[in-house]
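To start, the structure itself, in structure tokens.
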Amino acid sequence: MKRKWSLIIFVLLFSLVLAACTSDEADTEAESGAAEEAEVAEVVEVQDFITWYQYDQDNEDPASDERVGNEYLRNTIPQFNEAFDGTWNWINQPKAFDKMTTELVAAVQAGGDVPDLYELSNSQDIIPLHKNGALQDLTAWAQAQSWFDDLDPSGVEGCKGPDGKLYCIPLSQRPQLVYVWADRFPDGYPTTPEGLLEEAARLKEEGLYAITFFGSTDKGGEGLTRAIWTTMASFGGTLDDGDENMLLNTPENIAAIEFLREIVANEYVPEIAFAGGFQEEEAFKDSSAGSFPTGLFGYRYVNPLTAPDGTAYDKGSAEDMLDAIAAGDVYLSPFVSVEGQDPSCGVDVAGLVIPTGAKNPEAAYDYINWIMDPEQNAEWVVGPGGGFPVRKATQSHELFQQPFYVEAAKAVGASSCRPWYGSLQRPNEAQELVMQAVYKLIKQDPTADIAEVLTATQEEYNAAN
């Protein structure tokens, strides 16, 4: 009997111990499961991906100058968020194109909020951004990506800083060229300054202008980067000595300014060219001016158009210029050049940078790789990019087989283009100073001594080196 009760007691005790262990194990598993669920929740938490573009996805105004970029973002932000659902939520904060650089520098230096990714619409901005410590070095990361070796070397060079490191990912190249009304120059655009002067005299007799261009000092001297630099470079001129000093007083630059003086003095250029606010475009829009040297991406702003024969291209969008070119009413051409010198022009690169202090650089990496897909890449180049693809695989995309890009490729292929700022390390300051000097010489005081004004300007700039 004692043994029987001992056995019963033992069984009961064993059952209690087993139940306690099972309960503890269940509790442990529950706690472990809860912890795993918390970890999973933490891992899949969506994070905001902040960008600064000069475009505003919420601006649906069809008359907005930036409607192409606005529409691109409006269409593309949902696509990206769907592709990275559960990981990134793209939020774009629109910025004024002419204030983006100073705003980013100020934010970096103050330790404030900076975007994860910044649209670089002008490659010359790399210099002040780099100088102020606002850019991350992307060299090693970019070189490790599958698309890097497919980039046009000239585009890559345009994204390098003064130290030779890569600070932006190049997506679009934007050269300068000349838009020409075919009926105003039926035998083709002149190839020499003398030829343009001849044609200009003929057009003046018909009450027309040969050329319009950005001739004012507006927008911080941005006119320098278009027809002014195109003219100086096509005369063999330069703005620097290759060693970070400004060099303006050269025979080539003087000859270029004498040519500009002549076409202005003879009224071959409309007065509106010097009005500012991009009003010079109006003379090409109504075909009173036969040609317009500007950037490749200018096509999206010059609308609506009225051809010399009265044909109206009046959709009020970038399609106007594309349609006029497709119809043969407008063609694209290199600028004139002096004997022994190739036609020249400025060239710019648009791309993407990751600022110093970005909170989610991994989001920027994902975004860049997503944009480098040929289909997405093509949409970016014709959208915010407004130029030629830097990625070679994208150049064969159907979007770049239309007449506009075929014409542009011929014009650029016949030119020898280079960035206007050369080795200058303060391009924004240089741009404004040089444009003020040129404006004085060709419009404000056309009797001033060219060499003296150019020397004074370069000395003013170099004094701060």
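Scope of the values below: all heavy atoms of this structure, side chains included, with no hydrogens, waters or symmetry mates.
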Does the side chain of Trp88 come under 3.5 Å of the side chain of Glu362 through a donor N or O and an acceptor N or O? no
Side chains of Asp286 and Thr306: donor-acceptor distance under 3.5 Å anywhere? no
Presence of salt bridge, Arg426 and Glu432, under 4.0 angstrom: no
Ser291 backbone acceptor or donor facing Arg184 side chain under 3.5 Å: no
Look only at the side chain of Glu280 and the backbone of Gly276, and say whether a donor-acceptor pair between them is shorter than 3.5 Å. no
What do the steps show when you test Leu260 against Leu441 for side-chain contact (heavy atoms from CB on, under 4.5 Å), and what is the final call? CA-CA 9 Å; Leu260 290 170; Leu441 290 167; over 6 Å; no
Has Gln143 got more than 12 heavy atoms of other residues, nucleotides or ligands less than 6.0 Å from its CD? yes
Distance check, rounded to the nearest 0.5 Å: Leu305 atom CG versus Ser287 atom OG? 9.0 Å
May I ask you to check whether over 12 heavy atoms, not counting those of Asp113, lie within 6.0 Å of atom CG? no
So, applying side chain to side chain contact (heavy atoms under 4.5 Å, CB included) with Leu120, which one of Leu129, Thr101, Leu352 is it? Leu129
Side chain to side chain contact (heavy atoms under 4.5 Å, CB included) with Trp380: which of Thr76, Leu171, Thr394? Leu171
Nearest heavy-atom neighbours spanning Ala408 and Leu296: CB-CD1, 3.6 Å
Residues, nucleotides or ligands: over 12 heavy atoms within 6.0 Å of Lys392 NZ: yes
Geometric class of the Tyr365/Trp141 ring pair [parallel <30°, tilted 30-60°, perpendicular >60°]: parallel
Are Val180 and Leu332 close enough, and set up right, to give a side-chain contact (heavy atoms from CB on, under 4.5 Å), and what steps lead you there? CA-CA 6 Å; Val180 184; Leu332 304 177; over 6 Å; no
Any donor-acceptor pair under 3.5 Å linking the side-chain atoms of Glu252 with those of Gln341? no
Keeping the roles fixed (side chain from Asn249, backbone from Thr455), state whether a donor-acceptor pair exists under 3.5 Å. no
Checking Gln425 side chain against Ser423 main chain: does a donor-acceptor pair fall under 3.5 Å? yes
Working for side-chain contact (heavy atoms from CB on, under 4.5 Å), residues Glu222 and Asp98: CA-CA 10 Å; Glu222 190 174 328; Asp98 55 347; over 6 Å; no
Contact check, side chains of Thr51 and Tyr118, non-hydrogen atoms, under 4.5 Å: no
Under 3.5 Å, is there a donor-acceptor pair between the Gln109 and Asn132 side chains? yes
Does Ser234 use its side chain to pair, donor to acceptor, with the backbone of Ser344 at less than 3.5 Å? yes
Side-chain donor-acceptor pair under 3.5 Å between Asp48 and Asn89, yes or no? yes
Test item: Arg67 side-chain N/O and Ser64 main-chain N/O as donor-acceptor pair under 3.5 Å: yes
Should Phe335 and Ile211 be marked as a side-chain contact (heavy atoms from CB on, under 4.5 Å) after you check the CA-CA gap, both sets of side-chain angles, and the distance that decides it? CA-CA 11 Å; Phe335 195 57; Ile211 186 171; 4.0 Å; yes
Electrostatic pair Glu71-Arg74, nearest N-O below 4.0 angstrom: no
Check for a donor-acceptor pair, side chain of Asn465 on one end and backbone N or O of Glu244 on the other, with a separation under 3.5 Å. yes
Side chain of Asp329, backbone of Ala324: donor and acceptor closer than 3.5 Å? no
Whether Thr457 side chain and Leu433 backbone form a donor-acceptor pair below 3.5 Å: no
Criterion ring pair (Phe, Tyr, Trp, His ring centres under 6.0 Å) against Phe214, the qualifying member of Tyr301, Phe278, Phe292: Phe278
Side-chain ion pair, Asp150 and Arg391, N-O less than 4.0 Å: yes
Check whether the ring centres of Phe80 and Phe49 lie less than 6.0 Å apart, and answer yes or no. yes
Among Tyr299, Trp181, Phe213, Tyr209, find the residue that satisfies the ring pair (Phe, Tyr, Trp, His ring centres under 6.0 Å) test when tested with Phe284. Trp181
Is the backbone N or O of Leu247 less than 3.5 Å from a side-chain atom of Asp240, with the two atoms forming a donor-acceptor pair by type? no
Would you say the ring centers of Trp90 and Tyr367 fall short of 6.0 Å from each other? yes
Kindly give the heavy-atom pair with the smallest separation between Pro343 and Pro334, and that separation in Å. CB-CB, 3.8 Å
